[in-house]
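Just so we're on the same page: letters track the sequence lines, and every chain starts at 1.
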Protein chains: 2
Amino acid sequence: MPVPTRERILDSSLAAFGLRGYDSTSLDDLASDLGITKQAILYHFSSKEHLLTATIELAVRELGSALAGAADPQARGFQRIEDLVRATFSLAARRPEVLGLVRLVTRQGGTASGELASAMSVMLGEAVRFVETEMVAGRFRRHDPRMLLLAVYSAVVGVATEPEVMRALGLEPDLRSLVKARRETIEFLRAALTAD
Amino acid sequence: MPVPTRERILDSSLAAFGLRGYDSTSLDDLASDLGITKQAILYHFSSKEHLLTATIELAVRELGSALAGAADPQARGFQRIEDLVRATFSLAARRPEVLGLVRLVTRQGGTASGELASAMSVMLGEAVRFVETEMVAGRFRRHDPRMLLLAVYSAVVGVATEPEVMRALGLEPDLRSLVKARRETIEFLRAALTAD
DNA sequence: ACATAGACTTACCATTTGGTAAGTTTTCTG
DNA sequence: CAGAAAACTTACCAAATGGTAAGTCTATGT
């Protein structure tokens with residue numbers, strides 16, 4: 001059975017908004033990519049802003065399921081961080097547009113970002129509690145958990161989504177380099193986090 | 001004496017492109033901010049793309065001087081990293097648009113990015129050599145220097161330029177939090193980098 | 001005094017953009 | 001099979017956008 005148009009539009013807009021940006025993507029661009037007319041998009045989503053909202057919702061779901069699938073609630077200590085970093089890199093390789101969109105929205109912070117912001121608040125809140133218990137248990141070094149997570153988040157998302165910086169460093173952003181970047185990032189975080 | 005119009009345009013476009021994005025900023029927006037007409041801009045810069053090129057050149061200069069002013073060639077070991085991180089945070093607080101533009105260009109990687117890419121290659125090349133010698137000297141833990149720098153760059157620029165993520169973590173992105181973020185980031189990097 | 005060049009503004013223009021209105025075709029349902 | 005709702009397309013439109021052409025004002029050098 002064919003993929004419903006509504007879903008095809010969302011897939012396409014997620015890719016376009018996430019990789020090229022919101023203002024840089026016109027409804028006509030999206031439509032011609034899909035082989036339909038702009039008005040077909042406006043039939044399913046009453047305005048471009050509504051389309052962005054729905055696209056963000058999709059990205060939140062994708063991000064949530066990618067991370068939820070990786071997080072083994074049993075895991076303790078650094079293993080759990082490693083699982084999450086691996087999942088993030090996997091997502092960055094498979095669907096770079098998802099992290100791209102997250103980043104776009106977290107930076108611009110427009111009206112439609114409320115949902116993503118709250119969804120991220122929940123995830124980050126859990127993460128903060130986890131990191132705190134690990135610190136109390138002596139498995140992680142003492143830092144401000146929120147600042148620590150900010151640094152970890154930035155390092156991982158940055159490494160996973162900045163191919164141009166990799167190029168500037170003389171690294172081709174192919175799969176092999178990405179695998180290597182993942183390994184090095186994990187070791188980097190391990191060194192920073194784990195108590196002696 | 002008054003600031004020449006050409007410089008005022010560049011200042012304004014650096015702020016606008018760096019904080020809001022290229023496509024999201026129209027020449028009319030820039031012009032009305034400056035109290036001139038769009039054609040005055042096109043008199044000094046023959047097209048919007050040329051304006052972007054000139055703006056990138058300005059950002060490269062600002063970034064270069066900010067970092068060059070901080071880098072004491074005598075400094076060894078972690079002190080030098082700390083100097084650079086402090087300079088980066090200072091720049092992020094004073095002129096967030098500079099890092100914003102760098103980030104914009106490194107992500108999109110359009111035609112105008114050649115100069116910034118090469119300028120960054122030079123800076124990063126020096127950094128790679130520095131990190132390598134520190135590793136050989138046993139002052140830094142052994143990592144792939146390029147991957148290490150990628151992680152450090154991502155962590156610092158991410159922390160310094162993602163106020164929305166700070167908000168999602170329940171931190172107001174004011175000056176005090178930024179100072180705290182700087183301190184924590186430095187400690188985080190110190191833990192990851194310095195050999196025992 | 002006067003031509004000249006620099007630094008603009010006013011007046012347009014073609015294209016693109018998000019969006020509306022009014023059909024037309026397809027699909028479901030009674 | 002009737003008809004109504006869903007899923008579109010064709011035809012527009014007003015505003016915004018990057019850019020051109022031509023005119024105006026002002027300083028400057030001769």
Side-chain angles (χ1 to χ4, degrees), chain A residues 1-59 97 100-101 104-105 108-114, chain B residues 1-59 97 101 104-105 108-113:
Chain A
M1 49 184 164
V3 178
T5 301
R6 193 192 147 91
E7 287 178 28
R8 293 178 60 223
I9 294 171
L10 279 176
D11 278 349
S12 222
S13 65
L14 176 54
F17 292 162
L19 296 177
R20 298 191 348 207
Y22 178 73
D23 285 312
S24 314
T25 304
S26 73
L27 294 181
D28 282 307
D29 289 344
L30 284 175
S32 71
D33 279 355
L34 291 164
I36 59 179
T37 62
K38 164 175 56 180
Q39 285 69 23
I41 298 176
L42 289 168
Y43 171 74
H44 291 281
F45 307 92
S46 54
S47 72
K48 195 187 178 186
E49 210 176 321
H50 281 97
L51 175 61
L52 176 62
T53 305
T55 307
I56 290 172
E57 285 172 20
L58 173 61
E97 63 268 26
L101 190 68
L104 181 107
V105 175
Q108 308 276 24
T111 42
S113 73
Chain B
M1 50 184 162
V3 179
T5 301
R6 193 191 146 90
E7 287 178 29
R8 293 179 58 225
I9 294 170
L10 278 177
D11 278 348
S12 221
S13 64
L14 176 54
F17 293 161
L19 296 178
R20 299 194 347 210
Y22 178 72
D23 285 312
S24 314
T25 305
S26 73
L27 294 181
D28 283 308
D29 290 343
L30 284 176
S32 70
D33 279 354
L34 291 165
I36 58 178
T37 61
K38 162 174 60 177
Q39 285 69 24
I41 298 176
L42 289 167
Y43 171 75
H44 291 281
F45 307 93
S46 54
S47 72
K48 194 185 178 187
E49 210 177 320
H50 281 99
L51 174 60
L52 176 61
T53 305
T55 307
I56 291 174
E57 285 173 21
L58 174 60
E97 63 268 25
L101 190 68
L104 181 107
V105 175
Q108 309 276 22
T111 41
S113 74

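For Lys38(A), the listed nucleotide lying nearest its side chain is dG19(C); candidates were dC8(D), dG19(C), dC8(C).
Salt-bridge check for Asp29(B) with Arg20(B): passed, with a basic side-chain N closer than 4.0 Å to an acidic carboxylate O.
Interatomic distance, NZ of Lys48(A) versus CG of Leu27(A), reported as 6.0 Å (0.5 Å rounding).
In terms of modelled atom types and a separation under 3.5 Å, the side chain of Arg8(A) and the main chain of Val3(A) share no donor-acceptor contact. Checked by atom type and distance alone, the side chain of Thr53(B) pairs as donor or acceptor with a backbone atom of Glu49(B) at under 3.5 Å.
Atom-to-atom, CG of Asp23(B) to P of dA16(D) comes out at 18 Å; the value is rounded to the nearest Å. To the nearest angstrom, P of dG18(C) lies 9 Å from CD1 of Ile41(A). Atom pair Ile36(B):CD1 and dC25(D):P shows a separation of 19 Å (rounding to whole Å applied). What separates NE2 of His50(B) from C1' of dT20(D) is a distance of 16 Å, to the nearest Å. Atom CG in Leu30(A) sits about 13 Å away from atom C1' in dT17(C), given to the nearest Å. When rounded to the nearest whole Å, the span between CG of Leu34(B) and P of dA7(C) equals 16 Å. The CZ atom of Phe45(A) sits 16 Å away from the P atom of dT20(C) (whole-angstrom rounding). Between the CG atom of Asp28(B) and the C1' atom of dG19(D) there is a distance of 11 Å, rounded to whole Å.
Comparing Ser24(A) and Arg6(B) along DNA chain C, the residue whose closest nucleotide (by nearest heavy atom) sits nearer the 5' end is Arg6(B).
Within the 4.0 Å cut-off from OP1 or OP2 of dC8(D), at least one side-chain nitrogen or oxygen of His44(A) is found. OP1 or OP2 of dC8(D) has not a single side-chain nitrogen or oxygen of Tyr43(A) nearer than 4.0 Å. Taking only side-chain nitrogens and oxygens, Thr37(B) comes nearer than 4.0 Å to OP1 or OP2 of dT9(C). Distances shorter than 4.0 Å separate none of the side-chain N or O atoms of Thr5(A) from OP1 or OP2 on dA7(D). For the pair Ser26(B) and dT17(D), the criterion of a side-chain N or O lying under 4.0 Å from OP1 or OP2 is met.
Side-chain atoms of Lys48(A) stay outside donor-acceptor range of the base of dG19(C), with no qualifying N/O pair under 3.5 Å.
Residue contacts for Leu42(B): at a heavy-atom cut-off of 4.0 Å it reaches a base atom on one of the strands shown.
Defined by atom type and a distance below 3.5 Å, a donor-acceptor pair is present between the side-chain atoms of His50(B) and Ser47(B).
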